[in-house]
Amino acid sequence: MRRTASLPIFIRGEGTLQQQIYRCIRQSIVDGLVDADSPLPSTRVLAADLRVSRTTTLLALEQLRAEGFIVAKPGSGTFVARQLPEHPLTSVVPTTSAVARPAFSQRGNQLARVPTPDRRRSAVPPCAFRLGTPALDLFPWRLWAQITRECLRALRPTQLDYSSLAGLHPLREAIAEQMQSRGTRCDAEQVHVIAGAQRGMDLIARLLLDAGDTALIEDPGYTGARGALVGAGAMVSPVPVDADGMMVDAIRVPDARLAYVTPSCQYPTGVAMSVARRLALLDWARRSQAWIVEDDYDCDIRHDRQPLPCLHALDPDGRVIYVGTFSKTLFPALRLGFLIVPRDLTAGFVAARLSTDLHPPVLEQRVLAAFIERGHYGRHLRRMQAAYAERLDALRRAIERSGAPMKMRRVQAGMHAVVDIDGVSAERVHTEAAALGVESMPLSAYYLGAGRRPNALLLGFGAVSPAAIRAGVSRLARAIDHARP
């Protein structure tokens, strides 16, 4: 507890320092402990007495002055006001009331209950075996900073105004050209730059689905997509996944409006959808007059074969909406992704941005466009391909040498592996591992439908070095021992 010798101000740790100083001085004035027109200590003296920054005391006194409790007299200092406010504002502390009040809507309650294992993030640096985070330690930060400075110097005042709703044209052109590596073609007008793939999923769901429409998702599947669909009021119907991807012949909903798939690297199992299944899904969409949302989140990282052309490349009817992201190839905080939209939907998607987010930040778009145009993006992907291959090999070898009852499944693409656990609950291992500072996620957390669920963990290997991976496997083996009955 700290007390100033000049005023009865007590610092007890309840609220911010600024709030506590403000409340104590205000209460002293209201209670008459400090006379009207009395001088107050300077902000410098208050800061020294209370051992806080001068900015803290300055902000507290500024709030009192704005509310009319104190006045500043140039050359003389700060004084208690001669005439106090007739109805001083008071801070209201929220309390739990016995009176019922409306909370979330029905749709809001559904959305709040969607499990989000994919969204577990913290301010601590990446550790084994964080999911969804790329090799931030290998990102060319100096090069990115240099391009950012160049883009800032080149900005003109007119470029600080609202920008193109679909994104900057140079970036859209660069993305359209980049998409040729995925075996498909599109023009820049079909490319819509978005604030991350999740924002794109939300936009798609709200534009293409009415409340009560049925949307198909993979089971197990990405919970972020499930949340976007539920947020749009859709009825979500799970479709099982096997070694060839979504089992199209298992679709039992004749009037489904949309299907969400991750064909290049199914999340979370990591399998690739076979060509036969891709063609079957396209045929289903054509017959059902439904849309397909292709999330190609980890398409650039392959481990055992060349990637198949994306589903969008096989679509003759314009029923596939492609979702891409730079969070996995560059860094998540960039919050930039893109959609490739059928030509007949392009104008509607652009108009809808007026009622949503307008467009992502312009500076980041300019930097990314330059990064791609100058060839840095392609070189970075090649470096990351080699780095992830090394980290995957480190994970495989560490598991084999651990002697723990773990078996890693074949990894075809991406930055995570599925590891089967024998003889002990994967959920219990996950809990014990967290206590040892190891991140993981049970595969069971991604299932929606009923039935037997695999006893396995998802382990990300992209975010940390081979040495950290080996240390993480050692701790994970200890967690398995602790989890045994």
Side-chain angles (χ1 to χ4, degrees), residues 172 174-192 194 197 200-201 204-205 207-209 215-219 221-222 225 229 237 239-251 253-254 256-267 269-325 328-329 337-346 349 381 412-414:
R172 295 160 67 193
I175 291 172
E177 184 175 349
Q178 184 74 23
M179 284 303 298
Q180 295 180 26
S181 67
R182 296 294 296 120
T184 193
R185 290 185 177 276
C186 63
D187 56 52
E189 299 308 312
Q190 294 177 261
V191 177
H192 295 248
I194 50 177
M201 274 300 306
I204 291 169
L207 282 173
L208 300 185
L209 297 173
L216 308 179
I217 62 170
E218 300 161 316
D219 195 32
Y222 177 50
L229 297 170
S237 178
V239 181
V241 169
D242 64 10
D244 289 320
M246 177 184 274
M247 300 170 64
V248 179
D249 57 358
I251 295 176
V253 184
R257 174 79 170 157
L258 176 151
Y260 167 87
V261 290
T262 51
S264 296
C265 181
Q266 199 278 329
Y267 195 86
T269 65
V271 302
M273 181 182 279
S274 66
V275 173
R277 289 276 177 85
R278 295 177 190 225
L279 295 176
L281 185 61
L282 289 169
D283 181 64
W284 167 84
R286 181 170 55 253
R287 289 184 288 105
S288 304
Q289 293 295 292
W291 300 102
I292 298 173
V293 178
E294 178 182 17
D295 187 345
D296 216 17
Y297 74 102
D298 253 352
C299 63
D300 295 299
I301 307 300
R302 307 297 304 180
H303 300 296
D304 67 351
R305 65 179 181 182
Q306 290 299 311
L308 294 170
C310 63
L311 194 62
H312 185 273
L314 304 175
D315 174 26
D317 303 311
R319 307 215 65 84
V320 175
I321 300 173
Y322 184 98
V323 182
T325 180
K328 302 296 185 288
T329 53
F338 61 95
L339 304 178
I340 300 178
V341 177
R343 288 183 176 85
D344 57 329
L345 298 184
T346 295
F349 268 78
L381 288 183
Q412 301 179 49

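Along the sequence shown, the residues carry numbers beginning at 1. These numbers come from the heavy atoms of this one structure, side chains and all, not from hydrogens, waters or symmetry mates.
Taking both residues in full, the closest heavy atoms of Pro263 and Asp295 are given as CD-O, 4.2 Å, listed atom of the first, atom of the second, then distance. For the pair Ala197 and Gly324, the tightest heavy-atom approach, listed with the atom from each and the gap, is CB-O, 4.4 Å. For the residue pair Val320 and His312, the shortest heavy atom distance occurs at O-CD2, 3.7 Å.
Within the 4.5 Å cutoff, side-chain heavy atoms of Val323 are placed close to those of Ile204. The shortest side-chain heavy-atom distance between Leu345 and His192 does not fall under the 4.5 Å cut-off.
We find that Asp187 and Arg343 are joined by a salt bridge, their nearest charged nitrogen and carboxylate oxygen being less than 4.0 Å apart.
Judged by distance alone, with hydrogens and angles left aside, the side-chain atoms of Gln266 form no donor-acceptor pair with the main-chain N or O of Ala272 at under 3.5 Å. Listed for the Tyr297 side chain is a donor-acceptor partner under 3.5 Å among the backbone atoms of Cys265. Between the side chain of Arg172 and the backbone N or O of Val191 there is at least one donor-acceptor pair closer than 3.5 Å. Of the possible polar contacts, one joining the Arg319 side chain to the Ala290 backbone as a donor-acceptor pair under 3.5 Å is found.
The salt bridge (Lys or Arg N to Asp or Glu O under 4.0 Å) contacts involving residues 283-292 comprise Asp283-Arg286, Asp283-Arg287, Arg286-Asp317, where partners must be two or more places apart or lie in separate chains.
Gln180 CD: more than 12 foreign heavy atoms inside a 6.0 Å radius.
Ring orientation note: the planes of Phe338 and Tyr322 are close to parallel, at an angle under 30° on the 30°/60° scale.
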Kindly determine whether Lys328 and Ile301 satisfy side chain to side chain contact (heavy atoms under 4.5 Å, CB included), including the steps that lead there.
CA-CA 10 Å; Lys328 302 296 185 288; Ile301 307 300; over 6 Å; no

